[in-house]
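Single-structure report; data block below.
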There are 2 protein chains.
Amino acid sequence: MFSKSCEYAIKASIFIAQKREGVQCVRVKEIAKGINAPEHFVAKILQELSRKKVISSMKGPNGGFCMSEAQINKPVLDIVLLIDGDGILNNCVLGLEHCSSSNPCPMHLEYQKIKLGIKNMLEKNTIRDFNNLLVAKEAVLFTD
Amino acid sequence: MFSKSCEYAIKASIFIAQKREGVQCVRVKEIAKGINAPEHFVAKILQELSRKKVISSMKGPNGGFCMSEAQINKPVLDIVLLIDGDGILNNCVLGLEHCSSSNPCPMHLEYQKIKLGIKNMLEKNTIRDFNNLLVAKEAVLFTD
DNA sequence: ATAATAAAAGATATTTTACTCTTTTATTAT
DNA sequence: ATAATAAAAGAGTAAAATATCTTTTATTAT
Ligand code: SF4
Ligand code: SF4
């Protein structure tokens with residue numbers, strides 16, 4: 001469904017939202033540990049999220065990654081679009097390249113419903129929504 | 001969503017179901033052309049489907065791949081499970097490895113609905129169902 | 001100013017997925 | 001029997017995704 005990069009991006013964002021108290025930053029090392037992902041790999045992903053203003057970053061001591069209230073309130077879709085592109089919303093289940101509703105693949109009608117569900121899930125839910133479950137201890141970001 | 005192999009497997013199966021009149025076989029070359037896929041790649045995939053009895057095959061002149069009525073009436077899920085495994089039904093959106101409903105990831109509740117939809121789509125629809133749309137010219141397997 | 005810290009950037013390595021090419025085996029028509 | 005046909009099998013290549021390692025740059029505390 002998502003690329004590994006995208007999974008890490010979502011989990012990292014939720015982790016930052018959760019850890020951050022006030023305006024304090026959280027370091028990649030801690031993030032990587034908290035979501036059980038390779039440190040330098042998530043670093044690269046977070047750099048991109050930062051460049052695109054989905055999260056914020058600070059260099060030097062006490063530096064790290066953080067998110068503003070506004071950033072935490074963004075839908076998860078924003079992250080997905082940034083990392084994986086819009087394929088999940090637009091691509092075909094069967095990989096047809098130039099299909100249309102007037103010339104659909106056999107699975108189109110059935111798959112449309114799924115795609116709508118996915119779109120809904122990703123744009124109705126914010127980083128905060130998923131973070132809330134974490135804070136309420138109704139969910140985790142890490143198992144082993 | 002599906003691997004390329006799986007996309008080809010589904011499209012090829014529908015193509016065989018559609019082309020096959022009586023017990024006649026259809027050659028890989030024709031199949032590959034009909035679904036716009038690399039010939040030797042689909043050959044390999046079809047060999048596996050054949051080994052696992054999801055389709056049938058015959059060597060020599062007039063040989064090729066074909067499907068029995070029973071095979072055509074199987075749900076598309078059978079093909080997916082064979083090629084991609086059950087990941088699509090069981091894996092986590094966020095890639096947690098040992099999660100459970102009692103220790104779910106933040107997206108679990110939302111994602112459960114999607115997964116159920118996918119499962120439904122794949123087990124309620126047979127190769128025949130999708131082939132019917134093709135025969136009725138309400139769908140295509142190939143665009144360019 | 002200096003040293004320590006942590007992200008940014010870039011280069012390299014590994015693994016998985018996708019695809020191609022060649023040889024072998026089974027079947028059939030002549 | 002023989003030649004033609006088409007799948008089966010196997011080896012090899014290419015590209016993309018994932019992961020690691022190293023160097024540079026910005027920030028801050030001393
Ligand atoms: S018709 Fe719909 S499901 Fe089919 S290829 Fe196009 S977008 Fe995908
Ligand atoms: S709880 Fe559900 S969505 Fe989350 S990782 Fe497990 S299966 Fe996936």
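In what follows, every heavy atom counts, from backbone to side chain, and hydrogens, waters and symmetry copies are set aside.
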Just checking [X]: does its [atom1] atom have more than 12 heavy atoms from other residues, nucleotides or ligands closer to it than 6.0 angstrom?
{"X": "A:Ile88", "atom1": "CD1", "result": "yes"}
{"X": "A:Leu133", "atom1": "CG", "result": "yes"}
{"X": "A:Glu69", "atom1": "CD", "result": "yes"}

Query raised in the report: Under the ring pair (Phe, Tyr, Trp, His ring centres under 6.0 Å) test, which residues partner B:Tyr8, sequence neighbours left out?
Result: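 Ring pair (Phe, Tyr, Trp, His ring centres under 6.0 Å) list for B:Tyr8, sorted by chain: B:Phe41.
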
Query raised in the report: Starting at the 5' end of DNA chain D, which residue's closest nucleotide do you reach first, A:Lys44 or B:His40?
Result: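 By nearest-heavy-atom nucleotide position, the 5'-most residue is B:His40.
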
Report task. Nearest-nucleotide wise, let me know which of A:Tyr8 and B:Gln47 is further upstream toward the 5' end of DNA chain D. Result ->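 Upstream on the strand: B:Gln47.
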
Requested in this report: Go through DNA chain C and write down every stem, that is, every run of at least three consecutive Watson-Crick or G-U wobble pairs with distances under 3.5 Å, as range with range.
Outcome: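 In DNA chain C, stems of three or more pairs: C:1-30 with D:1-30.
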
Query raised in the report: Under a criterion of less than 4.0 angstrom to any heavy atom of chain B, what are the 5'-terminal and 3'-terminal contacting nucleotides of DNA chain C?
Result: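 Footprint of chain B along DNA chain C, 5' to 3': C:dA18 to C:dA29.
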
Query raised in the report: Please, which pairs that meet salt bridge (Lys or Arg N to Asp or Glu O under 4.0 Å) have at least one residue in residues 78-87 of chain B, sequence neighbours excluded?
Result: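 Qualifying pairs: none.
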
Query - salt bridge (Lys or Arg N to Asp or Glu O under 4.0 Å): pairs with one or both residues in residues 48-66 of chain B, sequence neighbours excluded - result: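 Found B:Glu48-B:Lys52.
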
Given atom [atom1] of [X] and atom [atom2] of [N], what is their separation to the nearest angstrom?
{"X": "B:Leu49", "N": "D:dA9", "atom1": "CG", "atom2": "C1'", "result": "16 Å"}
{"X": "B:Phe41", "N": "D:dA16", "atom1": "CZ", "atom2": "C1'", "result": "13 Å"}
{"X": "A:Asp84", "N": "D:dA16", "atom1": "CG", "atom2": "P", "result": "16 Å"}

Query - Contacts of type side-chain hydrogen bond (donor to acceptor under 3.5 Å, both in side chains), residue A:Asn73, not counting sequence neighbours - result: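 side-chain hydrogen bond (donor to acceptor under 3.5 Å, both in side chains) list for A:Asn73, sorted by chain: A:Arg128.
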
**Report entry** Along DNA chain C (nearest heavy atom to each residue), the more 5'-positioned of A:Pro61 and A:Leu46
**Finding:**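 Of the two residues, A:Pro61 wins.
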
Query raised in the report: Which heavy atom of B:Lys115 sits nearest a heavy atom of B:Leu89, and at what distance?
Result: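 In this case the closest contact between B:Lys115 and B:Leu89 is CD-O, 3.3 Å.
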
